[in-house]
Amino acid sequence: MDSPADDPDAVVVGSGPNGLAAAVLLARAGLTVDVHEAAPEPGGGARSARLFDADVVHDICSAVHPMAVASPFFRGFDLAAHGVELCTPEVAYGHPVDERHTGLAYADLERTCARLGADGGRWRTLMGPLVEHTTELTDLLLGDLRRPPGFTAAALLGPRILALGTGVDELLFRGPEAPALLAGVAAHPMGRLPSLAAGGTAVLLGHLAHAGGWPVPRGGTQALTDALVADFRAHGGRLHVNSRVTDVREFAKARAVLLDVSPRGLLDLAGRFLPPAYRRALEHVKYGPGAAKVDFLVSEPIPWREPELAKAATVHIGGTAAQVRAGENTVAGGRRADEPYVLLAQPMAADPSRGLPRKQPIWAYAHVPNGDPLDATDVVRRRIERFAPGFGDTILAARGIPAADLENYNANYVGGDISGAAVTLRQLLARPVARWNPHTTPLRGVYLCSSATPPGPGVHGMAGLHAAKTALRREFGLGLPAGW
Ligand SMILES: Cc1cc2nc3c(=O)[nH]c(=O)nc-3n(C[C@H](O)[C@H](O)[C@H](O)COP(=O)(O)OP(=O)(O)OC[C@H]3O[C@@H](n4cnc5c(N)ncnc54)[C@H](O)[C@@H]3O)c2cc1C
């Protein structure tokens, strides 16, 4: 625990990737900065732990990091220069469709097209131009959503988001693999399918698979947090763990207070000082379905029926595109799906340092209704076994965390919603509420920097960057530090 600064220039509440990104930028701009984190460890959704065995590292929340390669914040930060190695699997994500078909999105676009056979040309037409313009498109999609797209970006994104966001993409393909691959990526933000918000996610994450890949950090997601914390401290920043903040007035002397909290967290910290219209809007923010997390320790790699799946660090278990949609829509309607979508990571496919040949970590979560108290261990085991018979016999230990309990771990996961607020078109354009600069609040000097603000969920640090940029300009007359 660092000793508190006397009256720091700026305070950041919460040390998730967005809070830490903001803290790094403020400290590098020459300000004295304190970060207060409620948990005993920094990192929020970017932490790892040796859950069952000293030799095996499990990621508690985020595991796979396409945006740590692509986001403008991390490009400026330069993870490699901070000693973080991103390990890119040969297959970005795999998707067993049924007993005979498996979709595979290789990091290599041409290999993906070859595997898709008759649908390969269509996949190249869909993804190729996005890969070619990836920097421009990623900057836009991870921007603060106030900048209108340029001509190229509009021409590339418009028709694709429309096609993927309305289900028209399915008509383009003959086989079941390509639609299932796209539905599996569109399901990441959890919610109704098809939808324009999910279509946007599929375009962003789908093309990143073939641009920078879907890597995992060597040694675990914690490596990202450790690098951010080390840089923050190297620039004079002070981190206070076990420090839950309950009232924004605790920092009345700081010129800027950046909150890496949910809309509900903002109400708790400052609700009674907020103008009634803004407060009511925060009260009406909708939270999305929940994640029921399950971690397994297994004695060997998953015995997939399709051996090529062993090369994928990420596997989507949802069946056909129609089955993925049915499961997501059931859950979005507040009911448990009989066969829920499961997102699975087998990090040793890319990073053998995570365990040992006979002790390996498997990370998964099932999509369930918000606040569901279900321990999904058996559900997830059954879903994996459908495509990997014998998986159950390899399990050495397992731990399930119901969606309802996720917020005990991190107050931002309201009812197990890991996105900070539901990802709908409305709540993407007005996130968390309609406001020209959503990173500002009506309270002078108080900013919101969590995934409840644009560009939304994921480990990209961009909500932190947007909030820090605004705070630096408005409160200190400064720009972002060199490199950003
Ligand atoms: C199970 C799971 C799997 C995921 N998988 C991925 C993935 O593979 N890839 C990916 O990119 N993203 C993934 N995500 C999403 C990603 O983790 C989040 O979008 C990201 O962490 C959001 O960052 P943040 O900084 O906004 O908030 P968070 O990471 O949620 O951090 C907020 C921090 O603020 C602290 N805090 C809150 N209130 C207070 C308070 N009052 N006082 C002090 N501290 C407070 C919390 O304790 C927490 O540490 C996953 C999330 C979960 C839960």
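Counting starts at 1 for both ligands and their atoms, in listed order.
For atom 24 (P) of ligand 1, the nearest protein heavy atom (residue, atom name, distance) is D260 OD1, 3.3 Å. Remark: minimum distance from atom 51 (C) of ligand 1 to any protein heavy atom is reached at I418 CD1, 3.6 Å. Among all non-hydrogen protein atoms, the one lying nearest atom 41 (N) of ligand 1 is V245 O, 3.0 Å.
The shortest N/O to N/O separation between L406 and ligand 1 does not fall below 3.5 Å. The N/O atoms of E37, backbone and side chain alike, include one that comes under 3.5 Å of an N/O atom in ligand 1. Considering backbone and side-chain N/O of Y365, none are found under 3.5 Å from N/O of ligand 1. Residue V459 has at least one nitrogen or oxygen atom sitting less than 3.5 Å from a nitrogen or oxygen atom of ligand 1, judged on distance alone. At least one N/O-N/O distance between P17 and ligand 1 falls below 3.5 Å. Where the criterion is an N or O separation shorter than 3.5 Å, residue side chain and backbone included, K293 fails it with respect to ligand 1. Residue C449 places no N or O, backbone or side chain, under 3.5 Å from any N or O of ligand 1. Between G458 and ligand 1, an N or O atom pair is found at a separation short of 3.5 Å. Residue contacts with ligand 1: M67 is placed with no nitrogen or oxygen under 3.5 Å of a nitrogen or oxygen of the ligand (distance criterion only).
With ring centers used as reference points, Y341 lies under 6.0 Å from H367.
Within the 4.0 Å heavy-atom shell around ligand 1 one finds S243.
Under a 4.0 Å criterion applied to the non-hydrogen atoms of S450, ligand 1 contributes the atoms 26 (O).
Contacts between W363 and ligand 1 below 4.0 angstrom, taking non-hydrogen atoms only, involve the side chain exclusively.
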